[in-house]
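Each remark here refers to the structure printed beneath this line.
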There are 2 protein chains.
Amino acid sequence: MEPSSPEVAAASPLPAESGLHARVLDHLGTAICGGELPPGSVLNIDELVERYAVSRSVVREVLRVLASIGFIEARRRVGVLIRPASAWNVFDPQVIRWRLASAGRMAQLRSITELRTAVEPHAAFLAASRIGRDEASDLVGLAAKMWAAGEAGDEERFLHLDIEFHRRVLLASGNEMFVRLQELVAEVLTGRHKHHLMPHHPHEQALQMHADVAQAIQRRDGERARQAMVQLMEQAFDEMKSLWEQTGGPEHGTG
Amino acid sequence: MEPSSPEVAAASPLPAESGLHARVLDHLGTAICGGELPPGSVLNIDELVERYAVSRSVVREVLRVLASIGFIEARRRVGVLIRPASAWNVFDPQVIRWRLASAGRMAQLRSITELRTAVEPHAAFLAASRIGRDEASDLVGLAAKMWAAGEAGDEERFLHLDIEFHRRVLLASGNEMFVRLQELVAEVLTGRHKHHLMPHHPHEQALQMHADVAQAIQRRDGERARQAMVQLMEQAFDEMKSLWEQTGGPEHGTG
DNA sequence: TAGATGCAAATGATATGATCTTTGAGTGGA
DNA sequence: TCCACTCAAAGATCATATCATTTGCATCTA
């Protein structure tokens, strides 16, 4: 897998952050996303100090971070108040991860898939006018490899190539915010894979569409690139939709 | 201005957060976004304690928050390292605010405008199938008021109605992530207004397009709603583009 | 001389306990 | 009934101390 730009890779999911801070933060974040600690619940610092057997420093630092992503609100004389989901920074990668690990997983997948449906076609459109020659070639090559992996039934490899493909397109869009969405896309794709929510044989159509996107971008045909990506997204969305039915609805929980 | 859902309003920009924590956080955040403290710079806690004349607790809590949005990375024996912009959580409202206040303002406006261009049409499309009867009526009414304010040349009022209009559409999309983008849209629109980057008389066309969007959504014609919103976005984008030329380029700074 | 090894200083991480400040709630008077 | 006052609870801030880890350098060995 030719890493033409190694410094941009390494989307570190900071998995084994081993400090006390990370441990407590993760635990509380999970609890809030998971619905234990529903909005309106009140915590207090000393209680947390006891519960986690850590010092005030650690607890306060964790609370500051949770406050910065809208999970809590500290009120004097009252305690630490859990805020409703509508206040959360739903774009924070940490939050996404917690939500994907919670019962609201399907709702989160739906949200992100809709976001992708909106953003990726436009990203493809922009990429067509902004991508460099070499990057374009790489993209076409990547699509070819996806085709090969798909035909060979190599799911693992297909997944990685798929993620890489969408990453490159978002990167080539030249929009820093789109680039940042790449992490979300990766979370979604790996999440789908982990939970066996993907067709075991990628559809022949999907393979062709990836190739179409790459080719259109290389030929600087923004409109065609957008169209091809729209189709790709529609298919992804349909697969997602069929999943809700399998797993018993999207557990809406939007607000 | 009929507040049919007062509890959702009040997009508190937390302006006068008066604690020590907020003061130091804001100062450091601004410095990092502003390019003082370029990537690779090293700070250390004691130095910050002295510089801001606050205790270690305050500094550490601030650093934790900065770390959580990707601005810094603490390394033992080294100090606090400033991370490159590519690591930032560019969707964090706080970050957006800092960047809009910095020299990279135009680059930020461009990014968000492109994001809007991608998202809002799809939001309009989704809204057409998900909006409630009353909300749809409100939306049409809002467009009518915009027309009135535009004709009357009441910029202030037009701005507020414009923000409210887009907020309602994003809200009606039923996607929590789209809803969250509303803050960004509001920042952009108010930013444009503050810096006198808007045409003094809203274009007649824009007024009509807002009305078209509202009507299409009410009639549940998703495709037409999308098209109308696309046109609106194209116009917004063109205005933005003409601004870059005025103010001497977008100060690219994307990566 | 080159490379491995070990020590110690630097610096963040955590702990602890005290003091300051804000604010909700209760209390009492008009 | 309502307003003003008081008090105490809880977070906010501070100061200091100890622990843990990493890096640079000196030392040692082949």
Side-chain angles (χ1 to χ4, degrees), chain A residues 10 12 14-29 31-32 37-84 87 94, chain B residues 10 12 14-29 31-32 37-84 87 94:
Chain A
S12 67
L14 35 153
E17 282 248 24
S18 50
L20 293 180
H21 176 85
R23 194 172 59 81
V24 176
L25 178 62
D26 192 67
H27 196 275
L28 276 175
I32 294 174
L37 299 182
S41 309
V42 176
L43 303 173
N44 78 42
I45 293 182
D46 293 323
E47 174 192 324
L48 293 171
V49 167
E50 275 194 58
R51 185 190 311 174
Y52 291 107
V54 296
S55 73
R56 253 186 225 71
S57 320
V58 172
V59 170
R60 296 198 96 272
E61 285 162 29
V62 167
L63 294 182
R64 286 292 195 190
V65 172
L66 289 175
S68 91
I69 56 181
F71 275 24
I72 65 168
E73 186 186 348
R75 283 201 197 155
R76 291 183 160 176
R77 171 71 190 189
V78 173
V80 176
L81 209 61
I82 308 295
R83 301 184 67 187
Q94 179 75 89
Chain B
S12 69
L14 36 153
E17 282 249 22
S18 49
L20 293 180
H21 177 83
R23 193 170 61 80
V24 176
L25 178 63
D26 192 68
H27 197 274
L28 276 175
I32 294 173
L37 300 182
S41 309
V42 175
L43 302 173
N44 79 41
I45 294 183
D46 293 322
E47 175 193 323
L48 293 171
V49 166
E50 274 194 57
R51 186 191 309 177
Y52 292 107
V54 296
S55 73
R56 258 186 193 61
S57 318
V58 173
V59 170
R60 294 197 96 279
E61 285 162 28
V62 167
L63 293 182
R64 285 293 194 191
V65 172
L66 289 175
S68 91
I69 57 183
F71 275 23
I72 64 168
E73 186 186 348
R75 282 198 198 158
R76 291 181 160 178
R77 173 69 191 192
V78 173
V80 175
L81 208 62
I82 308 294
R83 300 183 67 188
Q94 179 77 90

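Order of the sequence lines fixes the chain letters, A, B, ..., with proteins taken first and strands second; residue numbering starts at 1 for each chain.
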**Asked** Nearest-Å distance, NE2 (A:His21) to P (C:dA15)?
**Response** 13 Å
**Prompt:** To the nearest Å, how far apart are B:Glu47 CD and C:dA10 P?
**Reply:** 16 Å
**Request:** Round to a whole Å and report the spacing from CG of B:Leu43 to C1' of C:dG12.
**Result:** 13 Å
**Prompt:** Starting at CD of A:Glu50 and ending at P of C:dT16, how long is that distance when rounded to a whole Å?
**Reply:** 12 Å
**Shortest non-hydrogen contact from A:Leu81 toward A:Gly40** = CD1-O, 3.8 Å
**Asked** For B:Asp46 and C:dT11, what is the distance between atoms CG and P respectively, to the nearest whole Å?
**Response** 8 Å
**Message:** Using a heavy-atom cut-off of 4.0 Å across all strands, would you classify B:Leu63 as base, sugar-phosphate, or nothing?
**Reply:** nothing
**Message:** Quick check on D:dA12: is either OP1 or OP2 less than 4.0 Å from any side-chain nitrogen or oxygen of A:Arg60?
**Reply:** yes
**Request:** List in chain and number order the residues that pass salt bridge (Lys or Arg N to Asp or Glu O under 4.0 Å) with B:Asp26, two or more places apart in sequence or in another chain; answer none if no residue qualifies.
**Result:** none
**Request:** To the nearest Å, give me how far apart CD (A:Glu61) and C1' (C:dG12) are.
**Result:** 10 Å
**Prompt:** Closest nucleotide of DNA chain C for A:Arg75 versus for B:Arg77: which of these residues is on the 5' side?
**Reply:** B:Arg77
**Asked** Closest approach of A:Gly70 and A:Arg83, non-hydrogen atoms and distance?
**Response** O-CB, 3.5 Å
**Fill in**
Rounded to whole Å, CG of B:Leu20 lies from C1' of C:dT21 at a distance of 11 Å
**Request:** Using whole Å, report how far CD of A:Glu73 lies from P of C:dG24.
**Result:** 11 Å
**Asked** For A:Tyr52 and A:His27, which heavy atoms make the closest approach, and how far apart are they?
**Response** OH-ND1, 2.7 Å
**Request:** Taking only the side-chain nitrogens and oxygens of A:Ser55, find out if one of them lies under 4.0 Å from OP1 or OP2 of C:dA15.
**Result:** yes
**Message:** Taking the nucleotide of DNA chain C with the nearest heavy atom to each, does B:Val78 or A:Arg56 sit closer to the 5' end?
**Reply:** B:Val78
**Asked** Picking from D:dC14, D:dA10, D:dA20, which would you name as closest to the side chain of B:Arg76?
**Response** D:dA20
**Message:** Go nucleotide by nucleotide along DNA chain D from the 5' end; which of A:Ile45 and B:Ala53 gets its closest nucleotide reached first?
**Reply:** A:Ile45
Quiz: residues 60-67 of chain A side-chain donor-acceptor pairs under 3.5 angstrom, not counting sequence neighbours:
unit_1  : atom_1 : unit_2  : atom_2 : d
A:Arg60 : NH1    : B:Glu61 : OE1    : 3.0
A:Arg60 : NH1    : B:Glu61 : OE2    : 2.9
A:Glu61 : OE1    : B:Arg60 : NH1    : 3.0
A:Glu61 : OE1    : B:Arg64 : NE     : 2.8
A:Glu61 : OE1    : B:Arg64 : NH2    : 3.4
A:Glu61 : OE2    : B:Arg60 : NH1    : 2.9
A:Arg64 : NE     : B:His21 : ND1    : 3.4
A:Arg64 : NE     : B:Glu61 : OE1    : 2.8
A:Arg64 : NH2    : B:Glu61 : OE1    : 3.3

